[in-house]
*Asks:* 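To start, I am sharing the structure in question, which I have written as structure tokens.
All values reported here derive from a predicted model rather than from experimental measurement.
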There are 2 protein chains.
Amino acid sequence: MQDKRPTEAEMAILGVLWAQGPNTVRAVHGVLEPERSIGYTTVLKLLQIMLDKGLVRRDTAQRSHVYEAAVDRTAIQEALVGDLTDKAFGGSTASLVMRALSPERASAEEIAEVRAWLDGLENGGDA
Amino acid sequence: MQDKRPTEAEMAILGVLWAQGPNTVRAVHGVLEPERSIGYTTVLKLLQIMLDKGLVRRDTAQRSHVYEAAVDRTAIQEALVGDLTDKAFGGSTASLVMRALSPERASAEEIAEVRAWLDGLENGGDA
DNA sequence: AGTTGTCAACGAAGAGTTTCGTACTTCGTT
DNA sequence: AACGAAGTACGAAACTCTTCGTTGACAACT
């Protein structure tokens, strides 16, 4: 099973799979190598470990196995944000958000985006 | 020097030092032990490592050394949030914030708090 | 002076992460 | 059939993080 909370390298791979959908090892490596200079077998090994942990699934029908993310992006993001909230912000989500949105870190556009989203929340009411 | 980004155990200790000010090893251990059941020498060792990394300072005038945080809480929080933004949200602060504030994670009070803070930002204008 | 308690220092073990090299397999080309 | 390219599997090394046991110093008390 998977205990949530992918490591840093695992997140990089999940990022590719979430963005591009199912991919072969070679394709994932192709995306990661330029920005991270990582070996092909390293990516392969990581994917095998992630398979073990249940973070990815794979289709071995072809010689080149095709991997796809087996965890929900939103769920992982929530777990990671929750973690950081507890570890560094005493459990206060509001503190974390204010720190994230401090004008040194966030652009005016991003702040406006959040603002608009909050307005939508109020009206829509959510599910 | 320090390369920013304390580990999990280090953050727990920094949390104590930030909240309570300078403290002896025994005092830090006293706070942490109940919630984390950690040995005294473990805390000591951690503090020594953190001293090496420049995360804390210490006063050795007395037999019981007194440690204090040597890094700014806000700066660390920003570094950690920035990290998570890059690793899990494709660099989009707005995405992170929306995930953090999703009504499943954040209370209505926290959302209201952020909203009020955003209103203040708009008027105050900031630097 | 001897005993007991408190403390810092050190070393080392165990777990988890990341990284590849090497070996073996499979397929297509010659 | 032999060769080379492309793949997977495996094992192990190097790191980091966390944890604690042990040792030796110092102090306080009797």
*Asks:* Please give, in whole Å, the distance from D:dT8 P to A:Leu46 CG?
*Replies:*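 So the CG-P distance, A:Leu46 to D:dT8, works out to 14 Å.
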
*Asks:* Do you know which two heavy atoms are closest between A:Pro6 and A:Leu14, and how far apart they sit?
*Replies:*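 Result for this residue pair: CG-CD1, 3.7 Å.
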
*Asks:* Over how many whole Å does the gap from A:Lys45 atom NZ to D:dA14 atom P extend?
*Replies:*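 Nearest whole value for this atom pair: 17 Å.
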
*Asks:* What does A:Ser64 touch in the nucleic acid at a heavy-atom separation under 4.0 angstrom: a base, only the sugar-phosphate, or nothing?
*Replies:*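 Sugar-phosphate contact only.
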
*Asks:* Taking the side chain as C-beta and beyond, is there a heavy-atom pair between A:Tyr67 and A:Arg57 under 4.5 Å?
*Replies:*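 A:Tyr67 does not reach A:Arg57 side chain to side chain.
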
*Asks:* Measure from the side chain of B:Thr7, starting at C-beta and using heavy atoms only, and say which of D:dA9, D:dC17, D:dG7 lies closest.
*Replies:*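 Minimum distance to the B:Thr7 side chain belongs to D:dC17.
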
*Asks:* Quick check for you: to the nearest 0.5 Å, what is the distance between B:Glu110 atom CD and A:Ser95 atom OG?
*Replies:*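 Here the interatomic distance stands at 8.0 Å.
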
*Asks:* Restricting to non-hydrogen atoms, name the atom on B:Trp117 and the atom on A:Ser102 that form the minimum distance, rounded to 0.1 Å.
*Replies:*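 Heavy-atom minimum between the residues: CH2-N, 4.2 Å.
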
*Asks:* Taking any heavy-atom pair under 4.0 Å as a contact, classify B:Gln48: base, sugar-phosphate, or nothing.
*Replies:*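 Base contact.
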
*Asks:* Taking any atom closer than 4.0 angstrom to a non-hydrogen atom of chain A, what span of DNA chain C does the protein reach, first nucleotide to last?
*Replies:*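 Taking any atom under 4.0 Å from a heavy atom of chain A, the span is C:dT17 to C:dC27.
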
*Asks:* Under a 3.5 Å cut-off for both contacts, is C:dT30 paired Watson-Crick or G-U wobble with anything, and if yes, with which nucleotide?
*Replies:*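 Pair assignment: C:dT30 / D:dA1.
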
*Asks:* Atom CZ of A:Arg26 and atom C1' of D:dA6: how far apart are they, to the nearest Å?
*Replies:*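 Nearest whole value for this atom pair: 7 Å.
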
*Asks:* In whole Å, I'd like the distance from the CE atom of B:Met11 to the C1' atom of D:dC17.
*Replies:*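 So the CE-C1' distance, B:Met11 to D:dC17, works out to 16 Å.
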
*Asks:* Within the structure shown, what part of the strands sits under 4.0 Å from B:Glu10 by heavy-atom distance: base, sugar-phosphate, or nothing?
*Replies:*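 B:Glu10: no heavy atom of the nucleic acid under 4.0 Å.
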
*Asks:* By nearest atom, which of the nucleotides D:dA12, D:dA9, D:dT19 is closest to the B:Ile38 side chain?
*Replies:*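 Minimum distance to the B:Ile38 side chain belongs to D:dT19.
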
*Asks:* Between A:Arg63 and A:Thr41, which residue's closest nucleotide on DNA chain D lies nearer the 5′ terminus?
*Replies:*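 In this pair, the answer is A:Arg63.
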
*Asks:* Please report, rounded to the nearest Å, how far the P atom of D:dC17 is from the CD1 atom of B:Ile49.
*Replies:*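 My rounded result for the distance is 9 Å.
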
*Asks:* Quick one: pull up CH2 in A:Trp18 and CD in A:Glu68 and give me the separation to the nearest 0.5 Å.
*Replies:*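 Going from CH2 on A:Trp18 over to CD on A:Glu68, the span is 13.0 Å.
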
*Asks:* Quick one: does B:Thr42's side chain get under 4.5 Å of B:Glu33's, heavy atoms only?
*Replies:*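 The answer is no; the side chains never approach within 4.5 Å.
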
*Asks:* Could you tell me how far apart B:Gln62 (CD) and D:dA27 (P) are, to the nearest whole angstrom?
*Replies:*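 Roughly 11 Å, once rounded to whole Å.
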
*Asks:* Report the distance from atom CG of A:Asp59 to atom P of D:dT8, rounded to the nearest whole Å.
*Replies:*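 Going from A:Asp59 (CG) to D:dT8 (P), I get 12 Å.
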
*Asks:* Is there side-chain contact between B:Met11 and B:Thr7, with heavy atoms separated by less than 4.5 Å?
*Replies:*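 Not in contact.
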
*Asks:* Can you check the B:Asp52 CG to D:dT18 C1' distance for me, whole Å?
*Replies:*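 Rounded to whole Å, this separation is 16 Å.
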
